[in-house]
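Report on the structure given below.
Being a predicted model, the structure only gives us computed values, none of them experimental.
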Amino acid sequence: MFCQHSVLRMQQRGISQYDIDVLLQFGHSEFHRGREIVSFDRRSWQILLDSKLVTPSKCDRLRHQYVVLDGGDIVTVAHKKKRFKRDRH
């Protein structure tokens, strides 16, 4: 279920319902501060590419998007501009 904030962010950022459905189906899930973040890591992105459900250019665009969930509700959607802190070494 989408909250009002997430619908507004989808419109502002040009992220479609289909993009979110693909992210939720193939994306990698992690928890941060009690919220679930779904995005593509290398493995999940490769699985999406191998499935050939979307074109390679669409896969590349999806690779840089993420969804934040709270109790199954979509809180917000965004584009990754840099790595998350958990990825730093």
Side-chain angles (χ1 to χ4, degrees):
M1 178 172 186
F2 293 92
C3 69
Q4 187 176 7
H5 176 79
S6 65
V7 173
L8 180 64
R9 292 296 178 245
M10 286 170 60
Q11 292 171 349
Q12 289 175 337
R13 296 173 177 156
I15 298 173
S16 70
Q17 169 82 37
Y18 179 75
D19 294 349
I20 292 173
D21 290 341
V22 171
L23 259 169
L24 294 175
Q25 184 178 0
F26 289 95
H28 174 72
S29 176
E30 291 191 21
F31 285 87
H32 180 70
R33 294 186 180 184
R35 302 244 168 118
E36 183 179 7
I37 299 173
V38 181
S39 63
F40 284 107
D41 59 0
R42 289 180 186 167
R43 184 172 182 231
S44 61
W45 187 67
Q46 190 61 48
I47 291 169
L48 177 62
L49 275 175
D50 293 341
S51 73
K52 299 187 184 204
L53 291 177
V54 293
T55 63
S57 61
K58 182 75 168 175
C59 282
D60 193 45
R61 183 170 172 253
L62 286 170
R63 185 176 193 177
H64 302 290
Q65 296 176 357
Y66 67 95
V67 176
V68 178
L69 302 164
D70 186 18
D73 295 334
I74 297 174
V75 176
T76 193
V77 297
H79 299 281
K80 280 195 280 188
K81 295 186 179 186
K82 59 183 179 179
R83 299 178 94 171
F84 292 132
K85 286 184 179 182
R86 69 177 184 276
D87 294 333
R88 292 184 187 166
H89 295 285

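The backbone N or O of Asp73 sits nowhere less than 3.5 Å from a side-chain atom of Asp70 that would complete a donor-acceptor pair.
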Verify side chain to side chain donor-acceptor pair (under 3.5 Å) between His32 and Glu30, making sure each step is shown before the conclusion.
CA-CA 7 Å; His32 180 70; Glu30 291 191 21; over 6 Å; no
Audit row: Ser16, Asp19, side-chain contact (heavy atoms from CB on, under 4.5 Å) steps and yes/no:
CA-CA 5 Å; Ser16 70; Asp19 294 349; 3.2 Å; yes
Test Ile74 against Ile20 for side-chain contact (heavy atoms from CB on, under 4.5 Å), laying out the working first.
CA-CA 10 Å; Ile74 297 174; Ile20 292 173; 3.7 Å; yes
Does Arg63 form a side-chain contact (heavy atoms from CB on, under 4.5 Å) with Leu48? I'd like the steps, not just the answer.
CA-CA 10 Å; Arg63 185 176 193 177; Leu48 177 62; over 6 Å; no
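Looking only at atom types and distance, the side chain of Asp41 has a donor-acceptor partner in the side chain of Ser44 under 3.5 Å away.
Of all the heavy atoms in Val77 and Ser6, the pair that sits closest is CG2-O, 4.2 Å. Nearest heavy atoms, Asp60 versus His64: O-CD2, 3.3 Å. In terms of heavy atoms, Phe2 sits closest to Met10 at CE2-SD, 3.5 Å. Here the closest heavy-atom approach between residue Tyr66 and residue Ser39 is recorded as CB-CB, 3.7 Å. Across all non-hydrogen atoms, the minimal contact from His5 to Val75 is CD2-O, 3.2 Å.
Separating the CG atom in Leu24 from the CD atom in Glu36 is a distance of 8.0 Å, to the nearest 0.5 Å. The CG atom of Asp50 sits 10.0 Å away from the CZ atom of Phe26 when rounded to the nearest 0.5 Å. If you take CZ on Arg43 and CD1 on Ile47, they are separated by 5.0 Å, rounding to the nearest 0.5 Å. With values rounded to the nearest 0.5 angstrom, Arg42 atom CZ is found 13.0 Å from His28 atom NE2. From His79, atom NE2 reaches atom CG of Leu62 across 10.0 Å, with rounding to the nearest 0.5 Å. The CD atom of Gln25 sits 7.0 Å away from atom CG of Leu53, with the distance rounded to the nearest 0.5 Å.
Inter-residue side-chain proximity for Arg35 and Leu69 is flagged as unmet; no heavy-atom pair is nearer than 4.5 Å. Annotation: side chain of Gln11 is in contact with side chain of Val7 (closest heavy-atom distance under 4.5 Å). Using a 4.5 Å heavy-atom threshold, the side chains of Phe40 and Leu23 count as touching.
Within 6.0 Å of CD in Gln12 there are more than 12 heavy atoms belonging to other residues, nucleotides or ligands.
Under the 4.5 Å side-chain contact rule for hydrophobic residues, Leu8 and Val68 do not share a cluster.
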